[in-house]
2 protein chains.
Amino acid sequence: MKIGGKHTRSIWTVGEDAFGIFDQTRLPHELVTLTLHSAEDAARVIRSMQTRGAPLIGAVGAYGLALSVREDASDDAINQAVEMLAETRPTAINLKWALWRMRGALLNQPHGKRVALAWAEAQKIADEDVAMNEAIGFNGLKIIETIAEQKSGETVNILTHCNAGWLATVDYGTALAPIYMAHDAGIALHVWVDETRPRNQGAALTAFELGNHGVNHTIIADNAGGHYMQDGQVDMVIVGTDRVTANGDVANKIGTYLKALAAKDNNVPFYVALPSSTIDWTLQSGRDIPIEERSPDEVLKMSGRLQDGSVVTVDIAAPGSRAANPGFDVTPARLVTGLITERGTCAATPEGLRGLFPKD
Amino acid sequence: MKIGGKHTRSIWTVGEDAFGIFDQTRLPHELVTLTLHSAEDAARVIRSMQTRGAPLIGAVGAYGLALSVREDASDDAINQAVEMLAETRPTAINLKWALWRMRGALLNQPHGKRVALAWAEAQKIADEDVAMNEAIGFNGLKIIETIAEQKSGETVNILTHCNAGWLATVDYGTALAPIYMAHDAGIALHVWVDETRPRNQGAALTAFELGNHGVNHTIIADNAGGHYMQDGQVDMVIVGTDRVTANGDVANKIGTYLKALAAKDNNVPFYVALPSSTIDWTLQSGRDIPIEERSPDEVLKMSGRLQDGSVVTVDIAAPGSRAANPGFDVTPARLVTGLITERGTCAATPEGLRGLFPKD
C-alpha cells in the first residue's frame, strides 16, 4: 500500500541481521519506524502491540526466530525461541503457525545452513502473506461488485471493526484488501470505521490507512454500528480474525460478536476475511479459544495529541475504579455469512472450510 | 445519594431566584457546582451536557422555565421559553413533559401569581422525581432479590450502559436505584459498567457514583459486554431510557441495542427502568423517535487527567478523518424482558404499559 504516494510494506528487512516495522502505538499521531535485532526485540514489540494484526505478528515472529538462529542454531535454542515468541499473544493462531513452520524448516537441517534457511523462510512467509491477501482481496471484491450492482451503482456502505488492513498484515490487509480493490476498481464506497475501544485501532489505524489511500470513510463509536444497520445504512460488514476453528467460529477483536448480532438482526451480510493460516483445525469450536486478558490501563487511560502536537496519556475514568479488558470475543459460525479466504469464499461450517481446504 | 458521606441531590435551589447543579462534564476529574440564574443558563448547560440524564434535564428545564417567568410572566414569554428549552435535546421526552406540565400549571393563572407558582411546580417536579425513583428502586429490587435467591447468595452480576444513576435524575437514579437498594439490603452485587463512548458516562459518572456508594464494580469497554454474557458472567442488564413509545420500544444511549441483542442471544434478562414521564404515548413505535446527531468532536477527541491533575482534551483519531455521532439508538420491545416503573414492572408491550398506566 502507499504512504505519501510511495509503495510500502508493514515489515521489511534491514541487511540480513535486522528487520523494520512501524511503531503502531505511535499511529496515527506519528509515523515512527523501529529496527529489531533479536528474537527478544520481536517478542517485546508483539507484547507491547507496537506491532499487531494476526498475519503481521506471524511474520514478525518468523523474522524474530530467524534472528535467534544467528545467535544459537541448536535444536534446544530454536525450541526455546519458538516457545518464548509463541507466548507473547495467546489468541492469534498465525503466530504459532509461522513459528511451527519455521521450526519445521530448520530442525532437520544442518546447523551450518540454518541461519540462511531461517532468513529465507521468514521472507517466504512474508511474501506469501502478500500473495494471499491479494487473493483474499480479489475474492472479496466479487462480493462487493455484486452488492454494487444490486444498488445500481449507489454507494456501497461497508462497516469494519478494528484494523485488518495493511498495517495488520505484510501488505494489503485481509478485511480491507477487498475494499482497496473495489476502490481502485472505481466502485463507489463508504466505510464505517468502528473506533474499536479500548486500543482504538479503527480510529487510529484503519482511518489512517483508508485516508492515505483516499477511501471515503467515517469513524463511529463502537456503540453506533447497530443503529446504522437498523437505519439501512450498512450494506455489508467485513472483519478480519485472529483464529477460526474447524466449525467456522471466529475469534476477533472484542466487540465483533456484537456487530455480528446486529448484522443478523438486520439482514446485513457479515463476512470474515482470512488467510488459511488463521484456521485452527485442532479446535472444534470457538469455546476452546483462549481469550487474552489485557491490561486494565488500556481501558482506564487514553493517548492522544495535544494542540501543540505532543502526545500524552490521560486518565479517563473515575479514580479508584478497576477495569477488565478481554482482547477478543468469539462470533459463533451461525452469525457469519461467509469466510473470504485466498482460495475463495465459503460457508462458516466444517463442510465449507473442508471444501476449500481438504488437505490442511 | 451520598458524596463524601453527605446526602446530596443532583439539583438544588439557591434562594428563590437561582438553582445549582454539578458540572457533569468535569466529572470524574473534579466536582464542580454551577449556579444558574436564567432559562438561557439552563438551556446552555443542557446543550453542553454539563447537565444530562433524561429525568434530571426535565427538572433543569422546569427550574429554567420558572426563572424565565421572573423576567416575563406573559403567555407569549412562557410559550417562547418552553420552545427554546424543549429544543435543547430532541430525544429525551421528560424535558418536554416537564415543560408542558409547567406551562399547563401557569397559563390559566393570574400573572401576579405565576412566579411563585412556577417555582413551586418546579420543586414539585423535582420532589416527585425522587419519590418515583425510590419506587422504581423498590420494584427493581424485587427482581434482583429473585436472582440472588436463584444463585443461592452468590454474587449477582449486573451490566449497565451509560449513566442512569442519581447524576441522571434528581436523586437515586432509575437503572441504578434498584442496584443501590440491593446493595443497601446486603445482597452481594457486582456491576459491569459499560464505558459508554463517546462521552464515557459509564466510566466517568456511573463508576464515580458506584464508587462513592461503595458498590463493587468493573469498568469495561462497550465492546466487552457480549463476551461476558457468552461467558455466563452477566445475570441481568438494567438500563435507563430517554423515551419509551406506546408499543414498548426503548430509545436509550447509543449502543443499548447491541447489549439487548447480546442479552437475548444469551438468555440474560434485559430490563429498562423508567419513570412514567418517559413514556411517549403519542408515538406508536421507536421508528418515530428523532435521534439526536451530536458533534463529531465527541468521537474524535477525549478529555482526561494528566499526572499533574490538570484536565486536557486530546485528539485521538487519524488526522483528517471525519466522524458521525448519533446519540441514541432504539431497542425494539421484543428484546426487552420488562419495564421497571414507579408502579411496578410490566411487559414491553402496549398491553403491559396500559395495564400499569390506564389513564395516561
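Please read all numbers here as calculations on a predicted model, not as lab measurements. Chain naming here is simple, since letters A, B, ... match the order of the sequence lines and numbering starts at 1 in each.
- Ranked by heavy-atom pairs shorter than 4.5 Å toward chain A, the options B/A204, B/P332, B/A224, B/P198 are led by B/A224.
- Note: A/E195 CD to B/L300 CG = 9.0 Å, rounded to the nearest 0.5 Å.
- For the set A/G211, A/A324, A/P296, the entry with the most heavy-atom pairs within less than 4.5 Å of chain B is A/A324.
- Partner of B/D265 under the side chain to side chain contact (heavy atoms under 4.5 Å, CB included) criterion, out of A/L261, A/L258, A/D265: A/L261 alone.
- Under the side chain to side chain contact (heavy atoms under 4.5 Å, CB included) test applied with B/N223, the options A/N325, A/T256, A/D194, A/D222 reduce to a single match, A/D222.
- Taking chain A as the reference chain and counting heavy-atom pairs below 4.5 Å, the highest number among B/H217, B/K259, B/M302, B/Q230 is found for B/Q230.
- Contacts between A/I291 and chain B at a heavy-atom distance below 4.5 Å involve the side chain alone, from C-beta outward.
- Heavy atoms closer than 4.5 Å to chain B are found in the backbone of A/F328, but not in its side chain.
- Contact count against chain B (heavy-atom pairs under 4.5 Å) is highest for A/G304 among A/G202, A/A221, A/G304, A/G225.
- For B/Y257, the part lying near chain A is the side chain, with the backbone staying farther off; criterion is any non-hydrogen pair under 4.5 Å.
- Proximity to chain A is limited to the side chain of B/R334, based on heavy atoms less than 4.5 angstrom apart.
- Nearest approach of A/T218 to B/R322, heavy atoms of both residues: OG1-NE, 3.2 Å.
- Identified by a heavy-atom distance below 4.5 Å to chain A, the contributing residues of residues 305-321 of chain B are B/R305, B/L306, B/V312, B/T313, B/V314, B/D315, B/I316, B/A317, B/A318, B/P319, B/S321, in residue-number order.
- Of the two parts of B/L210, neither the backbone nor the side chain holds a non-hydrogen atom closer than 4.5 Å to a non-hydrogen atom of chain A.
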